[in-house]
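Each remark here refers to the structure printed beneath this line.
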Amino acid sequence: MRPSDLLCSRPQGLYCPPGDFFIDPVSPVDRALITHGHSDHARSGHRSVLATQETLDIMALRYGEDFAGTTQAARLGETINLNGVSVCFHPAGHVLGSAQIAVRYNGLTIVASGDYKRQPDPTCAAFEVVPCDVFITEATFALPVFRHPPAEDEIAKLLRSVGQFPERSHLVGAYALGKAQRVMRLLRDAGYDRPIYIHGAMAKISDYYQSQGIDLGQLEPATVETGTKADFAGAVVIGPPSTFADRWARRFPDPVSSFASGWMRIRQRAKQGGVELPLIISDHGDWDELAATIKETGAREIWVTHGREEALVRWCELEGLTAKPLHLIGYEDEGQ
Ligand SMILES: [Zn+2]
C-alpha cells in the first residue's frame, strides 16, 4: 500500500481512511487523536478523543470538562487497535503530555510527530526516536539561521539582568502552556528561589504542572489588587506575550521587556516587538535538531508540515530522501 492510502490530507486535517480517524483535526470530527494541548492542535467539539492523560487534562482545563463526547487516555508505548490499524503514542518532548503518534498497518509505519524538540526540558518527557517508513515532521524553525542555544544560557542572561537592575521588574513573555512553566523550572534549576509572579491566564495550567510533580516553586499572582508598583521592584513577572500591550503590563516599575521564543534569534523581530532582553528558548526543534531527527528515524520518506516546508523538503532531497510538503491548514502554533 502507498503511504498516502494510510494517512492523507483532508480539509479537517490528517486523516487515516482504513482506521477512520483524524490526527489533530482543526474542525469537529467523529474520532480525533490529539498530539498535544496547544490550541491549534487540540480543539473542542470532537465526538471522541484519544490522547495522553495529560493532554486530556489540559484540554479539560482550557475548554471545560465537556470538551468532547467521549475520551480515552493513551498510555505511552501502548498499542491501540482502531479498525485494524495500530496506533501508539510516544513522547515528543514539546510540552507536558505531548506525543508523537505511530500509525501501523500492513507492515507500513508512519509517525506523525506533532510539534517536537530535542533540547532537554525538565517539564516533560524527552523525545523518543521511533523508527518508521514515513516521518511527518514540523518545520516551524526549519531554516539554517535558526539554531537555538542551550536554554540554561538564556536563563543565565535573564538572571544577570535581574542582578544588574534590582529596582526594575523583568516582564517575561512566554506562552501559557509549556513555555511559561519551562522558564519557571529553569529559573529554579538556576537557583532562583524568590516568588515568581504570573499573569492570571497561566495560573490553572501552572497549578496543573505542579500537581503532576513538576515543582515550579512559589508562584504569586501578578495582580494590581494584591500589590503596589514597589512590590514588583526586582521581580520576575511572567505573562502571555499578548498581554504586554495591556494595562496589566503598565503596573510594573520600569519593566525590562523580555520574550522567550525561538523567534528571538531574529534580532529584527525582537526590535520590532520592543523586546529589550530577547531569550532564545524554543519548544520546537531548530534546524540541526530537525535534520538529525529525520536521519535518526531511518524513514525513507519525509512529509513536512506547518512552517518552512520548502527549505526542509529541499534538504531532504539533497540527502537522497523522498520528501513533500504536507499542506495542512489552520496550524499557527501558539507555543513557539
Ligand atoms: Zn505546539
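What you are looking at is a predicted structure, and each value in this text was computed from that prediction instead of being measured. Indexing begins at 1, ligand by ligand and atom by atom, following the structure's order.
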Next item on the list: Look only at the side chain of D133 and the backbone of L108, and say whether a donor-acceptor pair between them is shorter than 3.5 Å.
Entry: no
Check: If you look at D115, which of its N/O/S atoms is nearest to the Zn ion (ligand 1)?
Finding: OD2
Check: Considering only N, O or S atoms, which atom of H38 is nearest to the Zn ion (ligand 1)?
Finding: ND1
Margin query: Which residue is it: K157, K271, R168? I am looking for the one with a salt bridge (Lys or Arg N to Asp or Glu O under 4.0 Å) to E276.
Written below: R168
Notebook entry, point to check: Side chain of K117, backbone of G93: donor and acceptor closer than 3.5 Å?
Noted result: yes
Checklist line | Backbone N/O of I280 and side chain of E154: donor-acceptor pair under 3.5 Å | finding: yes
Check: N/O/S atom of H94 under 2.8 Å from the Zn ion (ligand 1), yes or no?
Finding: yes
